[in-house]
Amino acid sequence: MERVFSGIQPTGALHIGNWLGALRNWIALSERHECVYSIVDLHALTPSPPPSAEEMRRRVREVAVTLLACGLDTSRCTLFVQSEVPEHAELAWVLGCQAAMGDLQRMTQFKEKSEQAREIVGLGIFAYPVLQAADILLYKATRVPVGEDQVQHLELAREIARRFNRIYGATFPEPEPILSPTPRVFGLDGVRKMSKSLGNEIGLLEPAESVKARLAGAMTDPARKRRTDPGDPAKCNVFTWHGYFTPAAEREECAKGCRTAAIGCLDCKEVLRTHLEKVLAPMRERAAALLAEPAAVERALRAGAEKARAIARATMEEVRHRIGVR
RNA sequence: GGGCCAGUAGCUCUAAUUGGUAGAGCAGCCGAUUCCAAAUCGGCGGGUUGGAGGUUCGAAUCCUUCCUGGCCCGCCA
């Protein structure tokens, strides 16, 4: 069976964009593969300024609860917090010695993030793809689910693996991408990618009333000025969301109703909300149960870290032997 | 190691009459309008003026120091 690795940054409350783009896929993959999933807190250290210690701890807990609330089953995969397996940092150093500055400088994400940096452009943000390569290779993962924006980083991880293997002997498999079927999800403003920092997200654990209110304010086809005007679903971001949540037959009814002005945008949004709630309501319930029992979440993460450490330790021993240290 | 320039709202600032009540545009939020949203119109909030200290009745403004960014020079390899 192939081993899959994937990581998610603890950047605060997760939203439906994260779910559609990654989380949903994590769960599906865990049914067919051996999956290693990590809450990558060391990566979350790279922005400048970094989050405070309390903020970091809060985010890690929040993301853990959300993942479990989404239905991720820790008996079928390995879920752990990156910093609890120190081998990630150790392997990152070893691999970093084989990563080319020129390659790292060419990374689109590095260029973007270094512009956003408010204080300094730290080494961490530059070396980010190296740590990412270490995350994957530490578990000798062969498959990595990636979004559009991460293919460049995975390509670099393959390059680093190749180089290491050439110098020190065959150690790492070259990880292959599993291209995510979901395109990028736009936010409530209908223009920009859904993101917590832009405030245009629908949170997975957001209260139902809040989802309702904010969905009502979501951008629709600007050409449809009056209730009696016909609309164009192809120009309406809300309609693309129907594509993610509403069954085909009902979705077609909405499209037809919109084009003929038989229904209004609020009617259309209400249909979407009904189907959205079928996904979100169970998550909220599970999250509430998990929050009531934080010790259980901690236990699950500790057990996950144990499993991850066992693999990481073996890989690192091999790596140390190959490079000639210890 | 030495020197020079810069830092003002989330963003962009040649706003602040040179020491006398911290401003504008965009973004944001609220309202009107609209089936909702957008557009338009109206309104509102927002800042320890990079941090700390000092001079002064009074500091964005002057002084000291630190941080961050940019530039010049020197030294070592």
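As the structure is a prediction and not an experimental result, all values here were calculated from the model.
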- Message: Do A:Leu14 and A:Leu20 land in one hydrophobic cluster if side-chain heavy atoms of ILVMFWY residues count as linked below 4.5 Å?
- Response: yes

- By nearest-heavy-atom nucleotide on RNA chain B, the more 5' of A:Arg192 and A:Asp229 is A:Arg192

- Message: Expressed as a whole number of angstroms, how long is the span from A:Lys225:NZ to B:rU33:C1'?
- Response: 13 Å

- Please give, in whole Å, the distance from B:rC36 C1' to A:Leu266 CG? 4 Å

- Take atom P in B:rU55 and the same atom in B:rU17, then report the distance between them in whole Å. 25 Å

- What nucleotide, of B:rU34, B:rC36, B:rA38, holds the atom closest to the side chain of A:Arg226? B:rU34

- Pairing nucleotide - B:rG10, Watson-Crick or G-U, each distance under 3.5 Å: B:rC26

- Message: Suppose you measure atom C1' in B:rU12 against the same atom in B:rG74; what distance do you get, rounded to whole Å?
- Response: 38 Å

- Pair assignment for B:rC62, Watson-Crick or G-U wobble, requiring both distances under 3.5 Å: B:rG54

- If you measure from the P atom in B:rG28 to the same atom in B:rU34, how many Å do you get, rounded? 22 Å

- When the nearest nucleotide of RNA chain B is assigned to A:Val121 and to A:Thr220 on a heavy-atom basis, which residue is associated with the more 5' position? A:Thr220

- Message: Any side-chain N or O of A:Arg118 below 4.0 angstrom from OP1/OP2 of B:rC11?
- Response: yes

- Message: Between P on B:rA38 and NZ on A:Lys235, what's the gap in Å once rounded to a whole number?
- Response: 18 Å

- Separation of B:rC35 atom P from A:Arg227 atom CZ, nearest Å, is 9 Å

- Item | Length of the line joining A:Ile202:CD1 and B:rA37:C1', which is rounded to integer Å | 14 Å

- Query: Using the P atom in both, what is the distance from B:rC62 to B:rA77, to the nearest Å?
  - Reply: 42 Å

- Message: Base, sugar-phosphate or nothing for A:Asp267? Non-hydrogen atoms, less than 4.0 Å.
- Response: nothing

- In whole Å, what separates the P atom of B:rC72 from that of B:rG10? 32 Å

- Query: If you draw a 6.0 Å radius around CD in A:Glu270, do more than 12 non-hydrogen atoms from other residues or ligands fall strictly inside?
  - Reply: yes

- Query: Taking the same atom, P, in B:rA9 and in B:rG50, what whole-Å distance lies between them?
  - Reply: 8 Å

- Item | Minimum-distance nucleotide (side-chain atoms of A:Ile120 versus B:rC36, B:rA38, B:rG69) | B:rG69

- Could you check A:Glu54, A:Met56, A:Arg61 and say which one makes a side chain to side chain contact (heavy atoms under 4.5 Å, CB included) with A:Arg58? A:Arg61

- Item | Heavy-atom check, side chain of A:Thr315 versus side chain of A:Thr171, under 4.5 Å | no

- Heavy-atom closest pair, residues A:Pro230 and A:Arg259: CB-O, 2.9 Å

- Between the side chains of A:Glu206 and A:His15, is a donor N or O closer than 3.5 angstrom to an acceptor N or O? no

- Message: For the C1' atoms, the ones on B:rU61 and on B:rG20, what distance do you get once it is rounded to whole angstrom?
- Response: 11 Å

- Item | Side chain of A:Ala216 (C-beta onward), nearest among B:rG69, B:rC36, B:rC35 | B:rC36

- Query: Rounded to whole angstroms, how far apart are CD on A:Glu119 and P on B:rG69?
  - Reply: 10 Å

- Task: Please state whether the rings of A:Phe80 and A:His88 are parallel, tilted or perpendicular, taking 30° and 60° as the class boundaries.
- Result: tilted

- Task: Rounded to the nearest angstrom, tell me the gap between atom CZ in A:Arg214 and atom P in B:rC30.
- Result: 11 Å

- Query: If you measure from the P atom in B:rG54 to the same atom in B:rA59, how many Å do you get, rounded?
  - Reply: 12 Å

- Using the purine O4'-C1'-N9-C4 or pyrimidine O4'-C1'-N1-C2 torsion, is B:rU18 syn (within 90° of 0) or anti? syn

- Scanning all shown strands, the Watson-Crick or wobble mate of B:rU34 with both distances under 3.5 Å is none

- Query: Whole-Å distance between B:rA37 P and A:Phe186 CZ?
  - Reply: 21 Å

